[in-house]
Participant: 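Structure incoming, see below.
Here the structure is a predicted model, which is why all the values come from computation and not from measurement. We use all heavy atoms of the structure for the numbers below, so side chains are in, but hydrogens, waters and symmetry mates are not.
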Amino acid sequence: MKRIREVIVVEGRYDKNTLKQVVDATVIETRGFGIFRDQERLALLRRLGQERGLILLTDSDGAGFVIRNFLKGAVPKSQLKQAYIPDIPGKERRKSSPGREGKLGVEGMSPAVLLEALERAGATEEGTPGNRQPITKADFYDLGLTGRPDSAARRAALLRKLRLPEHMTANALLEAVNLLYTREEFLEEP
């Protein structure tokens, strides 16, 4: 399984599940058009773009291109790579009928097609996967970021320090620090 450095951005959870079976990479969903109003997710994508770069991999239908164009305007071009899937007629197995345009989306593509799309986009392949230990909810508790009377204030201070949106939930913050830092880097922060 190829390990990809950049964060791959897809439309939904089925796309994410399909891609996670093909590559070892961080995959973030836009939740379809939800990205238009989700300022926290957009801020996280911008930050991840700065740190690791992004690869956009949306469906080849009109909705996919609306999402793609929105993100092209929201993230600096230098931090964004474009991966495209071909127009293949059909429907995904889980659906009873094809989409409006009758094309397969990311979730309906074969592993070979997805790998080719990522290669053509210029995905950066990394070495073999390491045994990276995640930052856990228990770590957050030990650090006083959850479960304590002053946890909200501690999280707010951490969000300011990390230059992340102030309204992120504890779970969103946990996801963000796991994407941005190794466990060692995060726990060493004063």
Side-chain angles (χ1 to χ4, degrees), residues 3-17 19-20 23-58 66-83 121 123-190:
R3 187 171 186 207
I4 306 295
R5 179 185 193 294
E6 294 89 356
V7 173
I8 303 171
V9 181
V10 296
E11 292 179 54
R13 71 174 176 250
Y14 294 105
D15 300 333
K16 179 179 180 176
N17 292 343
L19 207 52
K20 294 293 278 178
V23 293
D24 179 9
T26 300
V27 182
I28 303 271
E29 309 163 35
T30 66
R31 296 181 181 146
F33 293 143
I35 192 66
F36 299 152
R37 3 175 237 293
D38 190 341
Q39 294 304 308
E40 284 183 6
R41 187 162 294 265
L42 189 56
L44 178 60
L45 288 175
R46 287 180 177 134
R47 180 78 183 271
L48 291 169
Q50 289 175 342
E51 301 284 331
R52 296 172 50 187
L54 302 176
I55 298 175
L56 285 182
L57 181 62
T58 61
V66 168
I67 293 166
R68 182 182 295 271
N69 289 331
F70 172 77
L71 290 172
K72 282 169 51 177
V75 176
K77 186 177 181 179
S78 62
Q79 299 169 6
L80 203 54
K81 295 178 180 179
Q82 303 287 332
T124 307
E125 189 174 350
E126 292 186 325
T128 57
N131 291 330
R132 184 174 170 169
Q133 294 292 319
I135 301 149
T136 65
K137 288 185 177 185
D139 294 323
F140 266 29
Y141 181 80
D142 291 343
L143 295 168
L145 295 169
T146 59
R148 311 253 171 93
D150 63 343
S151 292
R154 287 176 179 253
R155 281 193 312 277
L158 180 61
L159 287 166
R160 281 191 300 277
K161 180 179 179 184
L162 300 179
R163 296 183 349 259
L164 291 169
E166 66 178 286
H167 297 293
M168 287 183 96
T169 63
N171 286 336
L173 176 58
L174 181 63
E175 179 183 15
V177 296
N178 270 304
L179 293 171
L180 297 168
Y181 301 97
T182 65
R183 179 182 177 81
E184 295 75 27
E185 290 170 340
F186 181 73
L187 295 177
E188 286 174 8
E189 285 286 320

Participant: So, using side chain to side chain contact (heavy atoms under 4.5 Å, CB included) as the criterion, who are the partners of Leu48 when residues are at least two apart?
Facilitator: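 Side chain to side chain contact (heavy atoms under 4.5 Å, CB included) check on Leu48 returns Val7, Ile28, Leu44, Leu54, Leu179, Leu180.
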Participant: Using a 3.5 Å distance criterion without hydrogens, assess whether the side chain of Arg155 forms a donor-acceptor pair with backbone atoms of Leu145.
Facilitator: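 Yes: the side chain of Arg155 pairs with the backbone of Leu145.
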Participant: If you measure from OG1 on Thr26 to CD on Glu175, what distance do you get to the nearest 0.5 Å?
Facilitator: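 Answer for the OG1-CD pair, Thr26 versus Glu175, is 9.5 Å.
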Participant: Rounded to the nearest 0.5 Å, what separation is found between the OG1 atom of Thr124 and the CD1 atom of Ile55?
Facilitator: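 Separation between the atoms: 7.0 Å.
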Participant: With heavy-atom distances below 4.5 Å as the criterion, would you say the side chains of Lys72 and Leu80 are in contact?
Facilitator: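 Lys72 reaches Leu80 side chain to side chain.
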Participant: Could you tell me the separation between the CG atom of Leu71 and the CD atom of Gln82, rounded to the nearest 0.5 Å?
Facilitator: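 Going from the CG atom of Leu71 to the CD atom of Gln82 covers 9.0 Å.
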Participant: Among all residues two or more places apart in sequence or in another chain, which pass the salt bridge (charged side-chain N to carboxylate O under 4.0 Å, His left out) test with Arg47?
Facilitator: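 Salt bridge (charged side-chain N to carboxylate O under 4.0 Å, His left out) list for Arg47, sorted by chain: Glu51.
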Participant: Might you point out which heavy atoms bring Ser151 and Gly144 nearest each other, and give the distance in Å?
Facilitator: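 Shortest heavy-atom separation between Ser151 and Gly144 comes out as OG-O, 3.0 Å.
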Participant: Would the distance check show the side chain of Arg46 and the main-chain N or O of Ala74 forming a donor-acceptor pair, the cut-off being under 3.5 Å?
Facilitator: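 Yes, the answer is positive, given that a donor and an acceptor are paired below the 3.5 Å cut-off.
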Participant: Output yes when a side-chain donor or acceptor of Lys20 lies under 3.5 Å from a complementary backbone atom of Ala25, and no otherwise.
Facilitator: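 Confirmed, Lys20 side chain pairs with Ala25 backbone.
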Participant: Sub-3.5 Å donor-acceptor pair from the side chain of Arg5 to the main-chain atoms of Ala123, do we have one?
Facilitator: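 No.
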Participant: Kindly write out the residues that satisfy ring pair (Phe, Tyr, Trp, His ring centres under 6.0 Å) with Phe70, not counting sequence neighbours, or none if the list is empty.
Facilitator: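 With neighbours one apart ignored, the set is Phe36.
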Participant: Donor-acceptor check, side chain of Arg154 to backbone of Leu143, threshold 3.5 angstrom: yes or no?
Facilitator: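 It does hold such a pair.
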Participant: For Asp38, check salt bridge (charged side-chain N to carboxylate O under 4.0 Å, His left out) against everything at least two apart and list the hits.
Facilitator: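 For Asp38, the residues satisfying salt bridge (charged side-chain N to carboxylate O under 4.0 Å, His left out) (neighbours in sequence not counted) are Arg31, Arg41.
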Participant: Could you pull out all residues at least two apart from Ile135 that satisfy side chain to side chain contact (heavy atoms under 4.5 Å, CB included)?
Facilitator: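 Listed in chain order: Asp139, Phe140, Leu174, Val177, Asn178, Arg183, Phe186.
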Participant: In Å, rounded to the nearest 0.5 Å, how long is the span from CD of Glu125 to CG of Asp24?
Facilitator: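 Output value for this atom pair is 10.5 Å.
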Participant: Any heavy-atom pair between the side chains of Glu11 and Ile35 that's under 4.5 Å?
Facilitator: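 No, side chains not in contact.
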Participant: Lys81: which residues meet the salt bridge (charged side-chain N to carboxylate O under 4.0 Å, His left out) condition with it, sequence neighbours left out?
Facilitator: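 Result, salt bridge (charged side-chain N to carboxylate O under 4.0 Å, His left out) vs Lys81: Glu6.
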